[in-house]
Amino acid sequence: MTDHHVTLKYIYLTHTHADHFFGAGMIKDAFPGATIIVTRATADGIPAVMTPANLAGTWEKLFPGKLPTPIVGADQVVKDHFTLEEHPITIISDGFTDTHDTTSLWVPDLQLIVAGDATYKGIHAYMQETTLAARQNWIKTNEHLKTFKPQHVVAGHKIPENADDPAILDSTIAYITAFNKFAQKATSALELYRQVLALYPTYANPGSLWSSAHAVIR
Ligand SMILES: [Zn+2]
């Protein structure tokens, strides 16, 4: 039970990135009745993220001694929707945004989109895995999310005190568009990094921009 007097029923994983599911087992420990649900593509992608080599080579180095044990994957695959206390929730397939097969949720009764990593607010977007085609799809995804005319949009990464304002769909589009424009002409990763940083000096996690710039210009 929570302060809202509801029981947590589902934990939905929007995509396969470790920062979006490594903690799911801890939430489940606190709410043992909850079921971790995912799309088929997310279920299929999770094992590759949980390999001992990836845990030791990447995540244990970033967070020594702090990874939950065990890290759990999904309990159940859902297709394109599920229901929560008689309220329908639609799974939106976003395609490749910050990684493959990402999804968002649409809750019509609240006019709410839970965007996953399709949408960022106040944080440099993680583009390390992207191609230009992926980033163009990422822009299209945010345009598609706008067609729902949501009242609230929860970003996958945000400054906690920032509002869940639908305008973040536009600001995500603007960020990726600017990144693509600079990437087209920049002659080095450092130049691209500096140009985007100059345009977004207050955004958090410049390390993400650094790795994105180096992935795009080698
Ligand atoms: Zn992600």
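Scope of the values below: all heavy atoms of this structure, side chains included, with no hydrogens, waters or symmetry mates. Start at 1 and go down the list; that is how both ligands and their atoms are numbered.
Within the 2.8 Å limit, His15 places at least one N, O or S atom next to the Zn ion (ligand 1). The Zn ion (ligand 1) has an N, O or S atom of Asp117 closer than 2.8 Å. Note on His17: counted as a metal contact of the Zn ion (ligand 1), an N/O/S atom lying under 2.8 Å.
Taking the six-membered ring for Trp and the full ring otherwise, the centers of His17 and His157 sit at least 6.0 Å from each other. Here Tyr120 and Tyr175 keep their ring centres 6.0 angstrom or further from each other. Aromatic pair His214/Tyr193: centroids not less than 6.0 angstrom apart.
Among the heteroatoms counted here (N, O or S) of Asp98, OD2 is the one nearest to the Zn ion (ligand 1).
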Check your understanding: Yes or no on side chain to side chain contact (heavy atoms under 4.5 Å, CB included) for Ile89 and Trp106, after CA distance, side-chain angles and deciding distance?
Key -> CA-CA 6 Å; Ile89 299 180; Trp106 166 236; over 6 Å; no
